Student: 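Here it is, the structure, as structure tokens.
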Amino acid sequence: QVQLVESGGGLVQAGGSLRLSCAASGRAFSTLTMGWFRQAPGNERKFIAAIGWGGGFTDVQDSVKGRFTISRDNAKNTAYLEMNSLKPEDTAVYYCAASTRPYTTTSPSGYNYWGQGTQVTVSS
């Protein structure tokens, strides 16, 4: 069983930055594909970014490309989502997800494990 714990959310002004962290335990981190999703009130959970086992492959949703960066540190069992130039429409609960599959996917159903979520609020 994999446990995921997100941190780093909070309130930030438009144009600001935040870095979310996702600490994983329970399985060799280097064999987990990691993803980030977000869910705003009344909306479905949406894909943001994913990163492969070794970190050499990333997939980032077009609407955040150039502003958000996904990365991982396998030595620290942690994945990150660096968010810059934040906009009010980025406000949502952000979820970390892990998959045992050796490829990235944009579908929430492709991930076996989920964190509890961290709130990100961007004020205008």
Side-chain angles (χ1 to χ4, degrees):
Q1 190 76 3
V2 174
Q3 293 79 42
L4 303 174
V5 179
E6 301 105 331
S7 61
L11 174 64
V12 63
Q13 289 188 328
S17 299
L18 284 174
R19 188 176 79 158
L20 305 183
S21 299
C22 175
S25 61
R27 179 186 172 101
F29 185 68
S30 59
T31 65
L32 293 172
T33 294
M34 301 300 296
W36 287 96
F37 290 76
R38 66 185 180 187
Q39 188 168 17
N43 290 346
E44 62 184 12
R45 195 166 295 188
K46 296 181 179 179
F47 172 79
I48 296 298
I51 187 166
W53 288 8
F57 179 80
T58 61
D59 185 11
V60 181
Q61 206 270 341
D62 286 346
S63 69
V64 302
K65 197 169 291 185
R67 299 190 298 124
F68 291 13
T69 302
I70 188 171
S71 62
R72 65 190 296 159
D73 186 337
N74 286 352
K76 295 183 178 180
N77 296 339
T78 302
Y80 304 97
L81 184 68
E82 184 77 33
M83 305 186 295
N84 298 313
S85 302
L86 283 161
K87 305 174 181 179
E89 50 264 43
D90 294 318
T91 295
V93 177
Y94 283 69
Y95 294 91
C96 171
S99 169
T100 56
R101 298 174 177 83
Y103 52 83
T104 61
T105 176
T106 62
S107 172
S109 63
Y111 293 84
N112 312 84
Y113 306 99
W114 293 85
Q116 81 286 354
T118 186
Q119 177 70 46
V120 171
T121 302
V122 184
S123 63
S124 56

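Treat the numbers as computed from the prediction; the structure is a model and nothing was measured.
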Student: Do the non-hydrogen side-chain atoms of Thr118 and Leu20 ever get within less than 4.5 Å of each other?
Tutor: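 Side-chain contact under 4.5 Å: yes.
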Student: Do the side chains of Val64 and Arg38 get nearer than 4.5 Å, heavy atoms only?
Tutor: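 Result yes, sub-4.5 Å side-chain heavy-atom pair found.
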Student: Give a yes or no on whether Tyr80 and Tyr95 share a hydrophobic cluster (residues Ile, Leu, Val, Met, Phe, Trp, Tyr; joining criterion: side-chain heavy atoms under 4.5 Å apart).
Tutor: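 Hydrophobic grouping puts Tyr80 apart from Tyr95.
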Student: Measuring from atom CZ of Arg45 to atom OG of Ser107, what distance do you get when rounded to the nearest 0.5 angstrom?
Tutor: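 It is 12.0 Å, given to the nearest 0.5 Å.
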Student: Check Pro88 against Ser124 and note the closest heavy-atom contact, atom names and distance.
Tutor: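 Looking at all heavy atoms of both residues, the closest pair is CG-CB, 3.9 Å.
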Student: Taking the side chain as everything from C-beta on, heavy atoms only, tell me whether Val2 gets closer than 4.5 Å to Leu32.
Tutor: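 Yes, at least one pair of side-chain atoms sits under 4.5 Å.
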Student: Let me confirm one number: the SG-CD distance from Cys96 to Glu6, rounded to the nearest 0.5 Å.
Tutor: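 Separation between the atoms: 5.5 Å.
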Student: Checking side-chain polar atoms at under 3.5 Å, does Gln3 have a donor or acceptor matched by the opposite partner on Ser25?
Tutor: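 On atom types as modelled, these side chains qualify, holding a pair under 3.5 Å.
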Student: May I ask you to check whether Thr105 and Arg101 show a side-chain donor-acceptor distance below 3.5 Å?
Tutor: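 Note: Thr105 and Arg101 side chains miss the donor-acceptor criterion.
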Student: CD1/Ile70 to SG/Cys22 distance, rounded to the nearest 0.5 angstrom?
Tutor: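 It comes to 9.5 Å.
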Student: Test salt bridge (Lys or Arg N to Asp or Glu O under 4.0 Å) on Asp62 and Lys65 and set out the steps.
Tutor: CA-CA 5 Å; Asp62 286 346; Lys65 197 169 291 185; 3.2 Å; yes
Student: Does the Thr91 side chain pair with the main chain of Glu89, one donor and one acceptor, at a distance under 3.5 Å?
Tutor: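 Side chain of Thr91 to backbone of Glu89, a donor-acceptor pair under 3.5 Å: no, none is there.
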Student: Could you walk me through whether Leu18 and Val120 pass side chain to side chain contact (heavy atoms under 4.5 Å, CB included), step by step?
Tutor: CA-CA 9 Å; Leu18 284 174; Val120 171; 3.9 Å; yes
Student: Would you check if Asp59 and Thr106 make a side-chain contact, meaning some heavy-atom pair closer than 4.5 Å?
Tutor: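 In contact.
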Student: Between CD of Gln39 and CD of Glu44, what distance do you get to the nearest 0.5 Å?
Tutor: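 Interatomic distance, Gln39 CD to Glu44 CD, rounded to 0.5 Å: 8.5 Å.
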Student: Is there a donor-acceptor pair closer than 3.5 Å between any side-chain N or O of Ser99 and the backbone N or O of Gly110?
Tutor: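 Yes, the answer is positive, given that a donor and an acceptor are paired below the 3.5 Å cut-off.
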Student: Output, in order, the C-alpha distance, side-chain angles, deciding distance and verdict of ring-ring contact (aromatic ring centres under 6.0 Å, His included) for Phe37 and Phe47.
Tutor: CA-CA 5 Å; Phe37 290 76; Phe47 172 79; 5.7 Å; yes
Student: Would you give the length of the straight line joining atom CD of Gln116 to atom CG of Leu4, rounded to the nearest 0.5 angstrom?
Tutor: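 One finds 9.0 Å between CD of Gln116 and CG of Leu4.
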Student: Transitively linked via ILVMFWY side-chain contacts under 4.5 Å: Val60 with Leu81?
Tutor: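 Yes: a chain of side-chain contacts under 4.5 Å links Val60 to Leu81.
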Student: Are the side chain of Arg72 and the backbone of Thr33 linked by a donor-acceptor contact shorter than 3.5 Å?
Tutor: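 Side chain of Arg72 to backbone of Thr33: no pair is present.
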Student: Any side-chain donor paired with an acceptor under 3.5 Å for Ser17 and Asn84?
Tutor: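 The answer is yes; a qualifying pair exists.
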Student: For atom NZ of Lys46, decide whether the heavy atoms of other residues, nucleotides or ligands shown that lie under 6.0 angstrom number more than 12.
Tutor: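 Counting other residues, nucleotides and ligands, NZ of Lys46 stays at 12 neighbours or fewer.
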Student: Hey, quick one: are Tyr113 and Ile51 part of the same hydrophobic cluster, counting side-chain heavy atoms closer than 4.5 Å, chains of contacts allowed?
Tutor: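 Looking at the clustering, Ile51 is in the same group as Tyr113.
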Student: Can you check whether Asp73 reaches Phe29 side chain to side chain, under 4.5 Å on heavy atoms?
Tutor: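 SC-SC contact between Asp73 and Phe29 ruled out.
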Student: For the atom pair CZ (Arg67) and NZ (Lys87), what is the distance rounded to the nearest 0.5 Å?
Tutor: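 Output value for this atom pair is 4.5 Å.
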Student: State, to 0.1 Å, how close Ser21 and Thr78 come at their nearest heavy-atom pair, and which atoms those are.
Tutor: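 Result for this residue pair: CB-CG2, 4.1 Å.
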Student: Under 4.5 Å between any side-chain heavy atoms of Trp36 and Gln61, yes or no?
Tutor: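 A side-chain contact under 4.5 Å is absent here.
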Student: Should Asn74 and Trp53 count as side-chain neighbours, where that means a heavy-atom distance under 4.5 Å?
Tutor: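 SC-SC contact between Asn74 and Trp53 ruled out.
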Student: So Thr100 and Arg27, side chain to side chain contact (heavy atoms under 4.5 Å, CB included) or not? Walk me through it.
Tutor: CA-CA 9 Å; Thr100 56; Arg27 179 186 172 101; 3.6 Å; yes
Student: Take the angle between the ring planes of Tyr94 and Phe68 and call it parallel below 30°, perpendicular above 60°, tilted in between.
Tutor: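 Tilted: the ring planes of Tyr94 and Phe68 meet at 30° to 60°.
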Student: Is the closest side-chain heavy-atom distance between Ser71 and Glu82 below 4.5 Å?
Tutor: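 Of all side-chain heavy-atom pairs linking Glu82 with Ser71, none is under 4.5 Å.
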